[in-house]
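First comes the structure, then the notes that go with it.
Both ligands and their constituent atoms are indexed starting at 1 by order of listing. Hydrogens, waters and symmetry mates play no part in the numbers below; they use all other heavy atoms, side chains included.
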Amino acid sequence: MGGKLLAIEDVFGQEPFVDVQPLYSRLNNCAVNYKVFCLLSAAVETGLFDHLESPRPVVELSRELGLNLRITRIICKCLEKLGFLVEVNGAYQNAEISNLYLRTGSPLAQENVLKTLRGTFRLWEKLPAILKGGPVKIREEDFFGEDHIHAIAAEHLTGELPKTVRIVAGLPEFQKARKLLDLGGGHGLYAIAFSKLNPGLQVFVYDLPGVTQKTRAYIEKHGAKVTVMAGNFFQDDLGSGYDLVFFAYNPGGKSPGLVPKIHASLNEGGLFISKHCFYRKGEETKDILLDLEWNLTTFAGVKKGDRVYSFEGDLSFEDYMELLSGYFSIEKVIETAEFAGLPLGKIGDALDSKIIIAKKR
Ligand SMILES: C[S@@+](CC[C@H](N)C(=O)[O-])C[C@H]1O[C@@H](n2cnc3c(N)ncnc32)[C@H](O)[C@@H]1O
């Protein structure tokens with residue numbers, strides 16, 4: 001294997017003895033898909049979709065947006081072939097999917113998802129430097145406080161949020177709850193949704209001080225009655241008297257230390273709802289490329305483990321459930337397919353996360 005050497009004169013006279021197909025098919029996918037990504041990003045960035053709610057001839061579009069006519073014409077054709085624009089009597093108009101997800105004014109705009117994908121590509125481009133000098137060091141607050149929190153919000157609105165909220169709101173305990181904590185709630189959209197579904201509920205969202213400014217902006221935008229709490233859940237008090245603690249996709253989601261703390265913050269019979277990606281004992285990896293992506297950066301506050309979404313000191317699924325059973329009765333474990341959104345091949349994907357519903361004993 002791999003030992004056969006090729007003499008330089010052989011390259012002209014015969015085809016290579018190892019087929020190049022597996023390499024070229026990967027490179028071909030990279031080339032085509034990266035160009036599509038750049039095309040969609042450019043169209044969003046230049047406001048093309050914002051101007052095509054109704055049909056516009058290319059000449060008018062390029063004049064209004066100050067774009068090169070020739071390139072705009074080709075770009076519109078490309079976007080039409082890809083299903084993002086439709087042609088109407090020589091003019092172009094957004095396809096439904098673009099109106100909903102690519103127009104920046106839409107409540108479901110995915111602009112920030114494209115931005116963070118670009119950020120992820122930039123990080124991967126640093127791979128040779130990271131390989132030599134080690135991971136890029138970031139503070140959780142800087143990471144989540146910037147575009148990421150907006151991207152998570154936008155991604156979740158495409159499906160995961162309404163599905164998860166329906167699961168929680170369908171519980172009889174939710175209807176009776178008076179005080180709810182969304183721990184590590186980030187954008188706060190879950191807290192906002194819960195507050196709208198149960199107007200008698202006092203809702204709190206807890207996150208790092210550098211993130212809560214963003215949380216407040218979401219609360220304001222949605223005109224919700226939600227109180228923001230700034231703190232570090234590993235070190236600071238969580239408050240008390242909660243009937244429900246919702247804890248999703250957080251560092252600490254598999255940590256033994258937070259279980260007694262969350263338990264103590266709940267009223268008797270209160271619910272702890274945790275949504276996290278767990279590893280079973282002996283499980284090696286969920287996605288080797290995401291393991292690598294996870295290791296390209298380090299967090300200042302918590303030490304990451306080797307596998308995606310893992311941290312030093314995390315418990316396996318089996319051990320976490322055993323620990324949890326000491327404090328709570330496990331009501332239900334809900335599998336990924338019932339709530340997860342679609343994957344994007346980057347950190348943020350649900351992978352095989354589960355929702356655990358546990359009741360304080
Ligand atoms: C992946 S986001 C999840 C946001 C939201 N729960 C969701 O499911 O969409 C993780 C959140 O945890 C917050 N976080 C991380 N470490 C924290 C800590 N030590 N204390 C409080 N919040 C923290 C981050 O700032 C971020 O908003």
Side-chain angles (χ1 to χ4, degrees), residues 112-113 116 119-120 138-165 167-168 180-195 203-219 222 226 228-239 244-255 257-258 261-262 265 272-277 290 293-294 297-304 308-314 334 336 339-341 343-344 346-351 353-356:
N112 285 302
V113 176
T116 44
T120 303
I138 41 178
R139 286 191 334 141
E140 287 92 315
E141 264 168 282
D142 297 336
F143 179 77
F144 290 111
E146 295 304 322
D147 295 339
H148 261 91
I149 209 69
H150 301 306
I152 296 170
E155 279 170 49
H156 280 231
L157 286 173
T158 64
E160 175 145 355
L161 186 136
K163 283 184 193 159
T164 305
V165 166
I167 290 171
V168 176
L180 179 150
L181 173 67
D182 180 5
L183 188 55
H187 43 75
L189 288 181
Y190 284 87
I192 293 167
F194 294 140
S195 76
V203 180
F204 296 82
V205 56
Y206 187 109
D207 211 292
L208 295 165
V211 179
T212 48
Q213 251 180 315
K214 303 273 155 66
T215 319
R216 283 201 180 88
Y218 278 96
I219 295 170
H222 292 278
V226 172
V228 171
M229 291 167 80
N232 179 332
F233 50 57
F234 288 119
Q235 296 157 10
D236 303 324
D237 188 37
L238 305 181
L244 204 157
V245 173
F246 179 75
F247 188 40
Y249 296 144
N250 275 277
K254 300 179 280 287
S255 150
L258 284 174
K261 203 166 171 177
I262 291 168
S265 77
F272 172 33
I273 303 184
S274 163
K275 177 164 69 168
H276 288 98
C277 182
L290 290 185
E293 189 166 305
W294 184 245
T297 56
T298 51
F299 279 162
V302 266
K303 280 209 160 60
K304 287 183 177 178
V308 64
Y309 304 140
S310 69
F311 295 91
E312 266 183 20
D314 274 1
I334 299 172
T336 331
F339 62 84
L344 286 167
K346 68 166 182 64
I347 306 283
D349 290 355
L351 300 179
S353 294
K354 296 176 193 311
I355 294 179
I356 303 167

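Annotation for Leu344 and Val113: closest pair CD1-CG1, 3.5 Å, computed over non-hydrogen atoms. Residue Cys277 comes nearest to Ser353 through the heavy atom pair CB-OG, 3.3 Å, listed as atom of the first residue, atom of the second, then distance. Closest of all the heavy-atom pairs between Asp182 and Ala191 is OD2-N, 3.3 Å.
Ligand-side atoms of ligand 1 in range of Gly186: 27 (O), range being under 4.0 angstrom from any heavy atom. Close approach of ligand 1 to Ile152 is summarised as follows: ligand atoms under 4.0 Å from at least one heavy atom of the residue are 1 (C), 2 (S), 9 (O). Ligand-side atoms of ligand 1 in range of Tyr249: 1 (C), 2 (S), 3 (C), 8 (O), 10 (C), range being under 4.0 angstrom from any heavy atom. Atoms of ligand 1 lying under 4.0 Å from any heavy atom of Gly231, numbered from 1 in the order shown and given with element: 20 (N), 21 (C). Listed by number with element, the atoms of ligand 1 under 4.0 Å from a non-hydrogen atom of Ile149 are 27 (O). Taking every non-hydrogen atom of Asn250 and a distance limit under 4.0 Å, the qualifying atoms of ligand 1 come out as 10 (C), 11 (C), 12 (O), 13 (C), 14 (N). Near Phe234, meaning under 4.0 Å from one of its heavy atoms, ligand 1 places the atoms 19 (N).
Heavy-atom distances between Glu140 and ligand 1 stay at or above 4.0 Å for every pair. Residue contacts with ligand 1: His187 is included, with a non-hydrogen atom under 4.0 Å away.
In summary, of the residues considered (Thr297, Thr298, Asp314), a side-chain hydrogen bond (donor to acceptor under 3.5 Å, both in side chains) with Lys304 occurs for Thr297 alone.
Neither the backbone nor the side chain of Lys275 has a heavy atom within less than 4.0 Å of ligand 1. With a 4.0 Å cut-off on non-hydrogen atoms, Leu183 does not touch ligand 1 at all. Of all the heavy atoms of Val211, the ones lying under 4.0 Å from any atom of ligand 1 belong exclusively to the side chain. Proximity of Pro251 to ligand 1, defined as any heavy-atom pair under 4.0 Å, is confined to the side chain (atoms from C-beta onward).
Between the side chains of Lys254 and Ser310, not a single donor N or O lies within less than 3.5 Å of an accepting N or O. Between the side chains of Lys275 and Thr164, a donor-acceptor pair is found at a separation under 3.5 Å.
Note: His156 and Phe339 fail the aromatic proximity criterion, with ring centroids not under 6.0 Å apart. Taking the six-membered ring wherever Trp is involved, the centroid distance between the rings of Phe233 and Phe247 falls below 6.0 Å.
The aromatic rings of His187 and Tyr190 sit tilted, their planes meeting at an angle between 30° and 60°.
For a threshold of 3.5 Å applied to N or O pairs, the pair formed by Asn232 and ligand 1 contains at least one separation below that value.
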